[in-house]
Amino acid sequence: MRRPRLSRPYPLRPEQQKRRRWARCAEAVREQAKEEQYLTLSDLCAWQEMPRDEAADMMRELMAQEEYGDICVYQGAKDLYYYTYPTLAHNYVKNVALAQENDLPHTIAEIVRYESKIYPRATSIDTFSRYPYHYTAIQIRRTLERMAKQPEYADIETYVSGKKQLYVFSTQYLSRTYAKTLVEMSEDKRMWL
């Protein structure tokens, strides 16, 4: 007696294909996060061989699923950055993404506005010479000079402390007097530690 020939497995339904793709993408994002990295939309498009809009839509759908609640996105000026929280902190991803985009005026404005609003404090320009930015003092000072002439950065102001250190703050969140007081108190406090 002849054995019946086994047929090929049925092809996956579109919903199953979508779920498999979600799982692969989520795994890729989580693996990157373990290495303290993120996955950009550009990298995802190349890896999945998908058009940019289609990949972005897929990731939006993925993040709406409960099992992928740890996956977040930071929207930079040039790309989308996918990462997992709490493996990577939101602010860490934002700062590294800003450094990657290499747009110093935008980076200064974002960081200064954030620190002025959240902490509140004025930001030392030394911040931009350290990781992850690594800009030189000359680059930072020239950028601040250019920003002072651009209306979108009208709220970004500088202050030179009594110890001749340059700080930057946002007038959206701090008055000049308050920023000055915070800087001088901070520097005075450091003197006694």
Side-chain angles (χ1 to χ4, degrees), residues 29 32-43 59 63 69-193:
V29 171
Q32 287 289 96
K34 287 178 188 174
E35 301 294 322
E36 296 184 0
Q37 298 290 321
Y38 45 72
L39 183 66
T40 64
L41 180 61
S42 299
D43 291 339
M59 290 302 290
M63 291 186 310
D70 62 323
I71 297 179
C72 303
V73 63
Y74 169 72
Q75 183 169 350
K78 298 177 182 173
D79 215 337
L80 296 176
Y81 300 84
Y82 298 98
Y83 61 99
T84 61
Y85 178 82
T87 308
L88 296 177
H90 303 303
N91 205 39
Y92 171 79
V93 172
K94 179 178 96 171
N95 291 344
V96 174
L98 286 168
Q100 288 289 89
E101 292 186 347
N102 204 21
D103 180 353
L104 188 51
H106 179 70
T107 299
I108 289 173
E110 283 288 312
I111 301 306
V112 167
R113 287 173 182 147
Y114 178 83
E115 291 194 356
S116 292
K117 179 181 180 181
I118 300 301
Y119 290 119
R121 69 178 174 210
T123 307
S124 168
I125 65 160
D126 294 341
T127 300
F128 304 104
S129 62
R130 295 188 300 258
Y131 177 83
Y133 313 109
H134 303 292
Y135 292 106
T136 66
I138 293 171
Q139 287 174 309
I140 298 164
R141 288 177 190 274
R142 286 184 181 159
T143 300
L144 288 169
E145 288 169 8
R146 284 194 316 271
M147 289 172 70
K149 299 172 187 169
Q150 296 174 309
E152 65 266 32
Y153 302 121
D155 65 305
I156 305 298
E157 291 192 14
T158 59
Y159 171 72
V160 178
S161 72
K163 295 189 177 191
K164 305 299 181 217
Q165 296 296 315
L166 182 61
Y167 289 83
V168 190
F169 64 96
S170 169
T171 57
Q172 286 180 10
Y173 306 105
L174 302 175
S175 70
R176 185 162 194 78
T177 303
Y178 188 38
K180 174 185 171 187
T181 302
L182 291 171
V183 167
E184 297 303 336
M185 283 176 50
S186 171
E187 285 192 349
D188 191 40
K189 183 188 219 180
R190 283 190 220 137
M191 184 173 78
W192 297 104
L193 292 178

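As the structure is a computational prediction, the values presented were derived from the model and not from experiment.
Between I140 and T143 there is no side-chain heavy-atom pair separated by less than 4.5 Å. Two residues are said to be in side-chain contact when any heavy atoms from C-beta on lie closer than 4.5 Å; Q37 and V96 fail this criterion. Annotation: side chain of Q165 is not in contact with side chain of V160 (no heavy-atom distance under 4.5 Å). With a 4.5 Å cut-off on side-chain heavy atoms, Y82 and C72 do not count as touching. By the 4.5 Å heavy-atom criterion applied to side chains, L144 and L166 are counted as neighbours. In this structure the side chain of I125 reaches within 4.5 angstrom of the side chain of R141, judged on heavy atoms. Annotation: side chain of R113 is in contact with side chain of D155 (closest heavy-atom distance under 4.5 Å). Contact annotation: the side chain of Y135 never approaches that of R130 to less than 4.5 Å [non-hydrogen atoms, C-beta and beyond].
Exactly one residue among Y114, Y83, Y74 makes a ring-ring contact (aromatic ring centres under 6.0 Å, His included) with H90. That residue is Y83.
For D79 and S42, the side-chain atoms include at least one donor-acceptor pair closer than 3.5 Å. For D70 and T84, the side-chain atoms include no donor-acceptor pair closer than 3.5 Å. If you check the side chains of T123 and E115, you find a donor sitting under 3.5 Å from an acceptor. Side-chain atoms of S129 and D126 include no donor-acceptor pair closer than 3.5 Å.
The minimum heavy-atom distance between G162 and Y159, with the atom names listed, is N-OH, 4.5 Å. Summarising the geometry of V183 relative to A122, their closest heavy-atom pair is CG2-CB, 3.6 Å, with the distance given to 0.1 Å. When all heavy atoms of H106 and L98 are compared, the closest pair comes out as CD2-CD2, 3.4 Å. P120 and L174 make their closest contact through CB-CD2, 3.6 Å (heavy atoms, listed as atom of the first residue, atom of the second, distance).
The distance from the NZ atom of K94 to the CD atom of E110 is 5.5 Å, given to the nearest 0.5 Å. To the nearest 0.5 Å, atoms OG (S116) and CD (Q172) are separated by 9.0 Å. From T158, atom OG1 reaches atom CZ of R176 across 6.0 Å, with rounding to the nearest 0.5 Å. How far CD of E187 is from NZ of K164: 10.5 Å, rounded to the nearest 0.5 Å.
Ring planes of Y133 and F128: tilted class, angle from 30 to 60°. A perpendicular orientation is assigned to the rings of Y38 and Y81, their planes being inclined by more than 60° (bins at 30° and 60°).
The number of heavy-atom neighbours closer than 6.0 Å to CD of E35, taken from other residues, nucleotides and ligands shown, is 12 or below.
Cation-pi check for K180 over Y167 is not met; the charged atom does not lie both under 6.0 angstrom from the ring centroid and within 45 degrees of its normal.
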